[in-house]
S.K.: 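This structure is in structure tokens; I'll ask about it shortly.
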Amino acid sequence: MNMVEVKINEDVKVGGRNPCFIIAEVGQNHQGDIEIAKKLIKAAKDAGANCVKFQKTCLNEKFTKKYLERPYDNPNSWGKTYGEHKRHLEFSESQYRELFKYAHEVGILCTASAMDMVSFDFLINIKAPFIKIGSGDSNNLLFLKYAASKKVPLIISTGMVDKSAVKTIYDIISATHKNFCLLHCISAYPVPYEDCNLTVIQDYMNTFDIPIGYSGQELGTAVALAAVALGAKVLEKHITLEKTMKGTDHVCSLTPTEFQQLVRDVRVIENALGTPIKKVVTSEIPCIDKLQKSLVMGCTKNKGEILYPGDVKIKVAEPKGLNALHFEEVIYKTLVYDKKEDEPLNQGDFC
Ligand SMILES: CC(=O)N[C@H](C=O)[C@@H](O)[C@H](O)[C@H](O)COP(=O)(O)O
Ligand SMILES: C=C(OP(=O)(O)O)C(=O)O
């Protein structure tokens, strides 16, 4: 496991031995409604997430005019064209300030993905603690260089590209600073389980000397939990008030209750990962006392007689004899006391 930490602010560090940093991705699940956005901030806080995240886009920077004008005719659309749809989902600068203020009052870190350079500057301006760069920019080398030059903490997703592009992302940012994490991500809504390729997390951990995480768009929490067990130090999952709401991402999002269960289970897993040193632990002592086998006499024998293999048995006994691991050491030794069948055999009973 690499021990490198990323410093989000004075109080929050990601990676190393720190608990997994869990991001509740609101994205555009707020339906363009600031009250829903606030409910989601509160839900993220109540669920135990470390951070709540939005998506900030300057539409003319991210999309071509023609793309914005194309019809967006589907059940998740908030307008006739893609531009109208996206405009409906975009909060203004003052709304962002209100949301950041609300998150501060609620007591949860709040940030957004910068979907373009203008939005990146905007987020720096409103003092986002770190900036997320989503998979939509994993091939945007110009943007990545720009982001690197600003030297703010970054969390970067790597959907839609292959490993060589991920190395390029790493090279671009690390040429300027190392205060960033890479997230394994597959960009499909939802991701079929067989496409999650979670073991990429381990490959990233072996390749890059920065914290590695996972941004999951698959259904449910099982894959995300496995990501943490594999070593993810950042975990991002979408959150929604209701999966049946209109919008592309709701279906692959977690409800507040599911998000709470995810956070709870992540913490259980982290606790349970423990140490790779196999040892007897204190909580096993009652079971050792009750059920661990030890050496006892297989038959009645007298002082001076030799203990042949069939004379020593391994049984659960009370009181206990020697740990059964010592079986070989006892065989062919001579008894120094008379012993009845089933009596424990202890150090000093033979020579
Ligand atoms: C790759 C990327 O940006 N993905 C984002 C993060 O996961 C998504 O939230 C998209 O913004 C969303 O799926 C777009 O949906 P529509 O096109 O219906 O507004
Ligand atoms: C697209 C985003 O993230 P990801 O690629 O991790 O889904 C995002 O944060 O806006």
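Both ligands and their constituent atoms are indexed starting at 1 by order of listing.
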S.K.: Any idea which of Y82, W78, Y189 brings a heavy atom closest to atom 5 (C) of ligand 1?
M.R.: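 The option holding the nearest heavy atom is Y189.
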S.K.: As an exercise, identify every atom of ligand 1 less than 4.0 angstrom from a heavy atom of Q28.
M.R.: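 Atoms satisfying the 4.0 Å criterion: 11 (O), 12 (C), 14 (C), 15 (O), 16 (P), 18 (O), 19 (O).
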S.K.: Examine H238 against ligand 2 and note whether any of their N/O atoms are separated by less than 3.5 Å.
M.R.: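 No; every N/O pair is 3.5 Å or more apart.
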S.K.: Quick one: do I155 and F143 end up in the same hydrophobic cluster if we chain Ile, Leu, Val, Met, Phe, Trp and Tyr together by side-chain heavy atoms under 4.5 Å apart?
M.R.: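 In one cluster with I155: F143, no.
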S.K.: Tell me which protein heavy atom sits closest to atom 3 (O) of ligand 2, plus the residue, atom name and distance to 0.1 Å.
M.R.: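 Here the closest protein heavy atom is K132 NZ, 2.8 Å.
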S.K.: Working to the nearest 0.5 angstrom, can you tell me the gap between I173 CD1 and L182 CG?
M.R.: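 Separation between the atoms: 8.5 Å.
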S.K.: Go through ligand 1 atom by atom and flag the ones less than 4.0 Å from a non-hydrogen atom of H238.
M.R.: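 The list of qualifying atoms is 6 (C), 7 (O), 9 (O).
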S.K.: Measure the distance from atom 6 (O) of ligand 2 to every protein heavy atom, then report the residue, atom name and distance (to 0.1 Å) of the closest one.
M.R.: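 Nearest neighbour among protein heavy atoms for atom 6 (O) of ligand 2, to 0.1 Å: S157 OG, 2.4 Å.
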S.K.: In terms of residue, atom name and distance, what is the protein heavy atom nearest to atom 7 (O) of ligand 2?
M.R.: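 Going by distance alone, atom 7 (O) of ligand 2 is nearest to Q217 OE1, 3.0 Å.
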S.K.: Give the atoms of ligand 1, by number and element, whose distance to some non-hydrogen atom of M115 is under 4.0 Å.
M.R.: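 Every atom of ligand 1 under 4.0 Å from some heavy atom of M115: 3 (O).
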S.K.: Yes or no: does C185 have any heavy atom under 4.0 Å from an atom of ligand 2?
M.R.: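 Yes.
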S.K.: For V14 and P211, work out which heavy atoms get closest and say how close.
M.R.: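 For V14 versus P211, the nearest heavy atoms are O-CG, 3.6 Å.
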S.K.: Heavy atom to atom 2 (C) of ligand 2, shortest distance: which of S215, S187, G213, G134 holds it?
M.R.: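 The nearest heavy atom belongs to G134.
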S.K.: Considering only heavy atoms of H85, which atoms of ligand 1 have at least one such atom less than 4.0 Å away?
M.R.: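 Near H85, meaning under 4.0 Å from one of its heavy atoms, ligand 1 has 16 (P), 18 (O), 19 (O).
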S.K.: Return the CH2 to CD distance between W78 and E84, rounded to the nearest 0.5 Å.
M.R.: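 Going from CH2 on W78 over to CD on E84, the span is 13.5 Å.
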S.K.: Does M160 come within less than 4.0 angstrom of ligand 2, counting non-hydrogen atoms of the residue?
M.R.: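 The answer is no: ligand 2 sits nowhere under 4.0 Å from a heavy atom of M160.
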S.K.: Atom CG in L59, atom CE in M115: separation rounded to 0.5 Å?
M.R.: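 Those atoms lie 10.5 Å apart.
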S.K.: Which protein heavy atom lies closest to atom 9 (O) of ligand 1, and at what distance to 0.1 Å?
M.R.: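 The closest one turns out to be D249 OD2, 2.4 Å.
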S.K.: What atoms of ligand 2 come closer than 4.0 angstrom to any heavy atom of K53?
M.R.: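 Answer, ordered by atom number: 8 (C), 9 (O), 10 (O).
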S.K.: Indicate, as side chain, backbone, both or neither, the part of S135 found under 4.0 angstrom from ligand 2 when only non-hydrogen atoms are considered.
M.R.: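 Looking at S135 and ligand 2, atoms from backbone and side chain both fall under 4.0 Å.
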S.K.: Is the number of heavy atoms from other residues, nucleotides or ligands within 6.0 Å of NZ (K333) greater than 12?
M.R.: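 Correct, the count exceeds 12.
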S.K.: Can you report which non-hydrogen protein atom sits closest to atom 8 (C) of ligand 2, along with the distance?
M.R.: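 Sorting protein heavy atoms by distance from atom 8 (C) of ligand 2 puts S113 OG, 3.2 Å first.
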S.K.: For D73 and K80: C-alpha separation, side-chain torsions, deciding distance, then whether side chain to side chain contact (heavy atoms under 4.5 Å, CB included) applies.
M.R.: CA-CA 6 Å; D73 184 17; K80 283 199 210 60; over 6 Å; no
S.K.: For H88 and Q31, indicate whether the former's side chain and the latter's backbone hold a donor-acceptor pair under 3.5 Å.
M.R.: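 Yes; at least one donor-acceptor contact below 3.5 Å.
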S.K.: Is K38 positioned over the aromatic face of Y102, cation under 6.0 angstrom from the ring centre and no more than 45 degrees off axis?
M.R.: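 Flagged: K38 positioned over aromatic ring of Y102.
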S.K.: Give a yes or no answer on whether the side chain of N76 reaches the backbone of G247 with a donor-acceptor pair at less than 3.5 Å.
M.R.: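 Answer holds: yes.
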S.K.: What atoms of ligand 1 come within less than 4.0 Å of a heavy atom belonging to Q55?
M.R.: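 The atoms of ligand 1 under 4.0 Å from a heavy atom of Q55 are 5 (C), 6 (C), 8 (C), 9 (O), 11 (O).
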S.K.: Please write down residue, atom name and distance for the protein heavy atom closest to atom 18 (O) of ligand 1.
M.R.: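 Here the nearest protein heavy atom works out to T248 OG1, 2.3 Å.
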S.K.: Within the 4.0 Å heavy-atom shell around Q217, which atoms of ligand 1 are there?
M.R.: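 Ligand 1 atoms under the 4.0 Å threshold to Q217: 7 (O).
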S.K.: If you measure every N/O of Y72 against every N/O of ligand 1, is any gap under 3.5 Å?
M.R.: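 Yes, Y72 has an N/O under 3.5 Å of an N/O on ligand 1.
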S.K.: Which class fits the ring pair H85 and Y72: parallel under 30°, tilted 30 to 60°, perpendicular over 60°?
M.R.: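 Geometry flag for Y72 against H85: tilted rings.
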S.K.: Is atom OH of Y189 surrounded by more than 12 heavy atoms (other residues, nucleotides or ligands) closer than 6.0 Å?
M.R.: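 Counting other residues, nucleotides and ligands, OH of Y189 exceeds 12 neighbours.
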